[in-house]
Amino acid sequence: MNDDIRKNMALFPIGIVMKLTDLTARQIRYYEQHELVMPARTGGNQRLYSFNDVSRLLEIKDLIEKGVNIAGIKQVLHTVSQDSDEATVITEQTENKRREMTDSQLHKMLKQQLINGKRPGQVSLIQGELSRFFH
DNA sequence: ATTCTAACA
DNA sequence: TGTTAGGA
C-alpha cells in the first residue's frame with residue numbers, strides 16, 4: 001500500500017516527537033547514535049521524524065521500561081528495515097513475521113540469561129534490577 | 001522560540 | 001540520563 005510512503009514521510013521535529021513518545025530529546029538523540037532510529041534532516045540539520053520513526057521510538061521506550069538495554073533492543077528491532085516503498089512491501093511483511101518470532105525469542109533469551117547467568121564473551125541484554133522481576 | 005553538538009561541579 | 005554552553 002502506498003500508505004507506507006506516508007508513514008515514512010519526514011514530518012515532525014524532535015519537539016513534537018518528545019510529546020508523542022514521552023521521551024526526552026537526550027534519549028531520542030541517544031537512540032539515534034546507536035542506530036535504533038535514523039530520522040531525516042532538514043537543510044538546517046534539524047531532525048525530521050516520520051510516523052514509522054515514532055512507532056519505532058515507542059517500541060524502544062517499551063523495551064527500555066522492561067529493562068532491555070541497547071544491545072537487546074537492537075536484536076529485537078534489527079530485522080525491521082528502516083523504510084519501505086512499494087517494492088519493499090512484500091519483504092517487510094516477511095520481516096514482520098520475523099519480528100514477532102524475535103519478540104518471543106527475546107523472552108527465552110532473557111530468561112536464559114537470568115537463569116544461566118552471563119557466560120564469557122556474551123553481552124548482557126538486560127540491565128538494572130528490573131531483570132529480577134522478569135521471571 | 002527550537003534544535004544541534006559536545007561535554008561534565 | 002540530566003543539564004548546560006554556545007551557535008545556527
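Below, chain A is the first sequence line, B the second, and so on; all start at residue 1.
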Using a 3.5 Å cut-off on both pairing distances, which stems of three or more Watson-Crick or G-U pairs include DNA chain C? B:4-8 with C:2-6
Could you list the residues that satisfy side-chain hydrogen bond (donor to acceptor under 3.5 Å, both in side chains) with A:Ser50, not counting sequence neighbours? A:Asp53
Show, in sequence, the C-alpha distance, side-chain angles and deciding distance for A:Leu77 and A:Leu63, and conclude whether the side-chain contact (heavy atoms from CB on, under 4.5 Å) test is met. CA-CA 10 Å; A:Leu77 281 54; A:Leu63 292 171; 3.7 Å; yes
Going by heavy atoms in the side chains, are A:Tyr31 and A:Ile64 under 4.5 Å from each other? yes
ring-ring contact (aromatic ring centres under 6.0 Å, His included) with A:Phe12: which residues, sequence neighbours excluded? A:Phe51
How many whole angstroms separate atom CD1 of A:Ile70 from atom P of C:dT1? 7 Å
All pairs passing salt bridge (Lys or Arg N to Asp or Glu O under 4.0 Å) where residues 36-47 of chain A contributes a residue, at least two apart: A:Glu32-A:Arg41, A:Glu32-A:Arg47
To the nearest angstrom, the OH-C1' distance between A:Tyr31 and C:dG2 comes to 13 Å
Show the nearest heavy-atom pair for residues A:Pro13 and A:Leu48, with the distance to one decimal. N-CD2, 4.0 Å
d(CD, A:Gln33; P, B:dC4) in whole Å: 12 Å
Show the nearest heavy-atom pair for residues A:Ile73 and A:Val68, with the distance to one decimal. N-CG1, 3.5 Å
Mind checking side-chain hydrogen bond (donor to acceptor under 3.5 Å, both in side chains) for A:Ser55 and listing every partner two or more places apart, or none if nothing turns up? none
Quick check: closest heavy atoms across A:Lys61 and A:Thr21, and the distance to 0.1 Å? CD-O, 3.3 Å
Looking at DNA chain C, which of residues 10-23 of chain A put a heavy atom within less than 4.0 Å of it? none
Report yes if a side-chain nitrogen or oxygen of A:Arg47 is closer than 4.0 Å to either non-bridging phosphate oxygen (OP1 or OP2) of B:dC4; otherwise report no. yes
Below 3.5 Å is the cut-off: list the nitrogen or oxygen pairs between protein and nucleotides 3-8 of chain C, distance only.
{"unit_1": "C:dT3", "atom_1": "O4", "unit_2": "A:Arg26", "atom_2": "NE", "d": "3.1"}

Not counting sequence neighbours, which residues clear side-chain contact (heavy atoms from CB on, under 4.5 Å) with A:Thr94? List them please. none
